[in-house]
Amino acid sequence: MQRTEKSERTPGRLRVLIVEDTPTVAATLQAGLHAAGLGTDIAQTGAEALARKASFAPDIVLVDLGLPDMSGLDLVRSFADAGDCGVIVVTANGEEAARVEGLDTGADDYVVKPVRVRELAARIRALHRRMGRPNAVRPGIVSVDRHQRLLLGASGARVVLTEAEFATLETLLDAEGASVSRDWLSRAALKRQLHPDDRSVDQLVLKLRRKLVALGLSDRAILSARRQGYVIPDSTLFRAVEAPPAPDA
């Protein structure tokens, strides 16, 4: 397979690491992305991907979930937790549950094979633009009314949380930047112990993330903490208020 050319590492050229264990698929993706003007490199295993990430310093990583040496989701989580590159899952599994799990693990986008390379290149550039915007990291402040379980965005948008969603947010905020285990979140929000293969906490966090994004926050306002649970790394994005009733209340 073709390796990264020296010219592909010139400043300003977007670099993409392709993590794919099928040589023909990897070569096709590399050729198409190279033709689109992107710098590329290939890793066939999770271990090789981690090593190539350190030396290649990609802007975006494409991850096939079916790797021979480790779970693709674990690799996604590792990249997402590091926070220094975007992550796009590129896999044959297009089921909704798989999409949700991939995105909730920390992927920024999810593409189902067979891949249209021109579309993939456009998605890569779009993700890179979002990552480069200052407002994508710190878009504003969300006001939290604990009495009404109400969130207020900077634009005035209002979102009411369910009891479980609010308990999740409150528990994460009370942790003051420390990670909170899935089991503890299950006890706090769902009032039950977390059982093996129970994804209810992950689904709960995903719904909460979507509501925060609707209020203008980044989808990284809540991060997955590898092998631990979840964390709100910047609690200053939230402030406690007592909101007035809605106009039509």
Side-chain angles (χ1 to χ4, degrees), residues 59-61 73 76-89 99-110 123 126-186 188-190 199-243:
D59 301 292
I60 307 292
V61 181
L73 289 174
V76 168
R77 185 175 293 113
S78 176
F79 289 151
D81 288 349
D84 54 1
C85 63
V87 183
I88 299 178
V89 169
R99 290 175 180 269
V100 169
E101 187 173 25
L103 294 170
D104 195 43
T105 299
D108 300 287
D109 201 352
Y110 194 105
R123 286 174 177 263
L127 172 57
H128 191 247
R129 286 194 298 271
R130 293 198 302 271
M131 292 167 57
R133 292 173 186 161
N135 283 347
V137 178
R138 191 180 180 85
I141 301 295
V142 167
S143 300
V144 181
D145 184 333
R146 296 183 182 234
H147 298 291
Q148 301 183 64
R149 297 203 309 268
L150 177 69
L151 303 182
L152 299 173
S155 65
R158 302 163 68 99
V159 170
V160 177
L161 301 182
T162 66
E163 184 176 350
E165 290 168 349
F166 194 84
T168 300
L169 178 62
E170 191 172 41
T171 301
L172 291 171
L173 287 174
D174 288 345
E176 298 181 341
S179 61
V180 181
S181 70
R182 287 174 171 81
D183 182 63
W184 186 258
L185 287 173
S186 183
L190 302 174
R199 307 298 296 176
S200 54
V201 169
D202 303 300
Q203 296 289 336
L204 188 59
V205 172
L206 178 61
K207 291 177 182 178
L208 179 56
R209 274 186 181 140
R210 288 174 176 167
K211 291 186 176 182
L212 293 177
V213 168
L215 293 173
L217 289 189
S218 163
D219 59 2
R220 293 184 178 274
I222 302 176
L223 293 178
S224 300
R226 189 178 185 186
R227 298 193 185 93
Q228 297 179 47
Y230 293 96
V231 61
I232 292 180
D234 187 0
S235 61
T236 65
L237 291 172
F238 301 85
R239 65 179 178 186
V241 298
E242 185 170 343

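Because the structure is a prediction, the values reported are computed rather than measured.
The distance from atom CG of L150 to atom CG of L161, rounded to the nearest 0.5 Å, is 8.0 Å. Note that CZ of R158 and CG of D145 are 8.5 Å apart. Values are rounded to the nearest 0.5 Å. Atom CG of D108 is separated from atom CG of L127 by 4.5 Å, given to the nearest 0.5 angstrom. Here the straight-line distance linking atom CG of L169 with atom CG of L212 works out to 6.5 Å at 0.5 Å rounding. Distance check, rounded to the nearest 0.5 Å: CD of E163 to CG of L190 gives 10.5 Å. Atom CD of E170 and atom CD of E165 lie 13.5 Å apart (nearest 0.5 Å).
Between the side chain of T171 and the main chain of A167, a donor-acceptor pair closer than 3.5 Å is present.
In terms of heavy-atom proximity, A80 sits nearest to V87 at N-CG2, 4.3 Å. Nearest heavy atoms, V61 versus C85: CG2-SG, 3.7 Å. Here the closest non-hydrogen pair linking A221 and P233 is O-CD, 3.4 Å. Scanning both residues, A157 and L215, for their nearest heavy atoms gives O-CD2, 3.5 Å. The two residues V213 and S218 have their closest heavy-atom pair at CG2-C, 4.1 Å. Across all their heavy atoms, L73 and G102 have their closest contact at CD2-CA, 3.9 Å.
Inter-residue side-chain proximity for V142 and L237 is flagged as unmet; no heavy-atom pair is nearer than 4.5 Å. The shortest side-chain heavy-atom distance between I222 and T168 does not fall under the 4.5 Å cut-off. Residues Y230 and D202 are in side-chain contact: their nearest non-hydrogen atoms beyond the backbone lie under 4.5 Å apart. With contacts defined as side-chain heavy-atom distances shorter than 4.5 Å, the pair V144/F166 qualifies.
Among pairs with a residue in residues 171-181, those fulfilling salt bridge (charged side-chain N to carboxylate O under 4.0 Å, His left out) read R146-D174, at least two apart in sequence or across chains.
For the pairing with D104, the side chain to side chain donor-acceptor pair (under 3.5 Å) check across R77, R99, R199, R209 returns one residue only, R209.
The neighbour count for K211 NZ, taken as heavy atoms of other residues, nucleotides or ligands under 6.0 Å away, is above 12.
In this structure R239 satisfies the salt bridge (charged side-chain N to carboxylate O under 4.0 Å, His left out) test with no other residue, sequence neighbours excluded.
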